[in-house]
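Below you'll find the structure, written out as structure tokens, and then a few comments.
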Amino acid sequence: MSKIILTGDRPTGRLHVGHYVGSLKRRVELQNSGEYDKTFIMIADAQALTDNIENPEKIRQNIIEVALDYLSCGLDPAKSTLFIQSQISELCELTFYYMDLVTVARLQRNPTVKAEIQMRNFEASIPVGFFTYPISQAADITAFKATTVPVGEDQLPMIEQTREIVRKFNAVYSEVLVEPEALIPENEVCMRLPGTDGKAKMSKSLGNCIYLADTADDVKKKIMSMYTDPEHLQVSDPGHIEGNTVFTYLDAFCLEEHFERYLPEYANLDELKAHYKRGGLGDVKVKKFLNHVMQEELEPIRNRRKEFEKDIPEIYNILKKGSDTARETAAQTLSEVKEAMRINYFDDAELIKDQAAKYGE
Ligand code: ATP
Ligand code: MG
């Protein structure tokens, strides 16, 4: 069986370092590993509209931002198909048929959707499209027969929902759809990177992000004002590591070689943490170190972005080509789905013959 990747992001803003460690970095590694037959990367504009109907222009404007972030991180259109969800109308058709395979009660149990409804104050007035987006996500994944979906931890309930739809479809009709596996980060802190304010998740909607496109200066400012340990007032005070965002980010970004380069008096992160816990290590020193580490990772991304920004029409061209390729694959799956559902009436010579026989022709 082919190994196929599908994943994507909602164009609700520029991408941030949470996306990067949660999914984007891994995608680039997988794309370059040569182990996958195909990689599809989707800008989920239709999904983003489900909870942004008051501001559709925001979605339209951010498509190019997400595409620039993709390219600057190393997603390569020669190796990955980059496309826009709304341009593949086959996805809507699949969603419509999958809706029959899912109950309202099942959708209501989805913990990520529950949390998102709360966060958006949708309790009294959930748009139907938002409520059903896990079904549309199942269409996105299965249209490409994806085997592997690299995502952050919050997406696990969506993948589980997709797997259930696949099993149900294949049992009711025939084995057409492929059950995907989620691929979540191995490093636990990367599954859900907190915001710079220490809140549970860095999220475009919460305004607590370090963006991939932020200038070096902005990144530094954000790091220097990051949430640490509120009880660590004096340098000499013993400090806490747990819930201390600066250390969480070091867990996500820092390698042993960074110590040689930027903080040679420590051999590794364990030594640095031990000193902080003992007392005698100030936040500013740790933050300056984190700044070096993050700038090293972000600078090449930022520089590549500047190059890509010089030819915006070409970026749209890449997305158009990708959307054309994606449409071909989705159309093929949709045709198999309709055949399995036996709603391909005009291609079904036997049906036409049997019906004719009924009327004695
Ligand atoms: P929105 O607020 O519009 O939902 P978002 O910041 O949650 O935006 P998404 O486009 O919903 O971003 O998520 C894209 C991908 O990035 C998903 O795979 C998601 O799991 C992952 N992701 C998002 N935020 C984080 C984070 N803070 N840490 C790790 N992974 C994340
Ligand atoms: Mg989200």
Side-chain angles (χ1 to χ4, degrees), residues 5-28 30 39-56 58-63 65-67 69-70 73 75 82 84-85 110-122 127 129-130 133-134 136-137 140-141 146 148-162 180-213 222 226-227 245 248-249 251-253:
I5 293 173
L6 176 116
T7 187
D9 305 87
R10 298 151 37 92
T12 50
R14 289 178 164 183
L15 298 183
H16 52 65
V17 295
H19 298 122
Y20 183 69
V21 297
S23 169
L24 204 45
K25 192 174 177 184
R26 186 75 167 281
R27 284 180 215 173
V28 176
L30 296 174
T39 302
F40 293 95
I41 310 288
M42 179 179 82
I43 302 183
D45 62 334
Q47 190 192 114
L49 283 172
T50 65
D51 60 328
N52 285 283
I53 209 60
E54 303 306 325
N55 196 0
K58 175 171 100 181
I59 308 307
R60 205 167 89 95
Q61 294 296 327
N62 275 304
I63 287 176
E65 299 298 336
V66 172
D69 286 330
Y70 281 171
C73 282
L75 286 175
L82 308 181
I84 306 179
Q85 185 187 25
N110 184 315
T112 299
V113 177
K114 262 193 207 169
E116 287 175 337
I117 286 172
Q118 233 177 22
M119 198 171 108
R120 290 162 177 73
N121 294 320
F122 271 169
F130 185 78
Y133 92 74
S136 119
Q137 212 163 311
D140 304 333
I141 295 169
T148 311
V149 188
V151 282
E153 187 192 33
D154 61 316
Q155 293 301 308
L156 287 178
M158 311 305 163
I159 311 300
E160 192 43 43
Q161 176 75 80
T162 302
E181 306 268 355
L183 198 63
I184 58 170
E186 283 151 13
N187 184 345
E188 206 182 320
V189 297
C190 297
M191 292 178 191
R192 190 177 294 242
L193 195 75
T196 49
D197 56 358
K199 292 232 174 76
K201 184 177 177 273
M202 180 175 287
S203 167
K204 286 170 275 189
S205 327
L206 296 175
N208 56 7
C209 306
I210 294 178
Y211 292 97
L212 293 171
K222 289 181 184 180
M226 224 174 214
Y227 180 83
T245 318
T248 310
Y249 281 38
D251 278 327
F253 286 96

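Counting convention: from 1, in listed order, for ligands and their atoms alike. Because the structure is a prediction, the values reported are computed rather than measured.
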Any nitrogen or oxygen of [X], side chain or backbone, less than 3.5 Å from one on ligand 1?
{"X": "V151", "result": "no"}
{"X": "M202", "result": "yes"}
{"X": "S23", "result": "no"}
{"X": "D154", "result": "yes"}
{"X": "L193", "result": "yes"}
{"X": "Q155", "result": "no"}
{"X": "E153", "result": "no"}

How many angstroms lie between atom [atom1] of [X] and atom [atom2] of [Y], to the nearest 0.5 angstrom?
{"X": "L206", "Y": "M202", "atom1": "CG", "atom2": "CE", "value": "10.5 Å"}
{"X": "T248", "Y": "R192", "atom1": "OG1", "atom2": "CZ", "value": "14.0 Å"}
{"X": "E116", "Y": "Y133", "atom1": "CD", "atom2": "OH", "value": "3.5 Å"}
{"X": "N187", "Y": "D251", "atom1": "CG", "atom2": "CG", "value": "6.5 Å"}

Does the side chain of Q155 pick up a donor-acceptor pair with the side chain of Q137 at under 3.5 Å?
yes
Verify, without hydrogens or angle tests, whether [X] (side chain) and [Y] (backbone) share a donor-acceptor contact under 3.5 angstrom.
{"X": "D140", "Y": "T7", "answer": "no"}
{"X": "T162", "Y": "M158", "answer": "yes"}
{"X": "E153", "Y": "M191", "answer": "no"}

Output the list of atoms in ligand 1 that are nearer than 4.0 Å to some heavy atom of [X], sorted by atom number.
{"X": "C190", "answer": "29 (C)"}
{"X": "G22", "answer": "29 (C), 30 (N)"}
{"X": "G152", "answer": "18 (O), 19 (C), 20 (O)"}

Give a yes/no on ligand 1: does [X] have at least one heavy atom closer than 4.0 angstrom to it?
{"X": "H16", "answer": "yes"}
{"X": "P185", "answer": "no"}
{"X": "R120", "answer": "yes"}

Using heavy-atom distances only, which candidate in G18, P194, A48 approaches atom 29 (C) of ligand 1 most closely?
G18
Pick one of side chain, backbone, both or neither for how T12 approaches ligand 1, counting any non-hydrogen atom pair under 4.0 Å.
side chain
Does the pair Y20 and D69 meet the rule for a side-chain hydrogen bond (donor to acceptor under 3.5 Å, both in side chains), with working shown?
CA-CA 10 Å; Y20 183 69; D69 286 330; over 6 Å; no
Could you report the tightest heavy-atom contact between H16 and C209, atom names first, then the distance?
CD2-SG, 3.6 Å
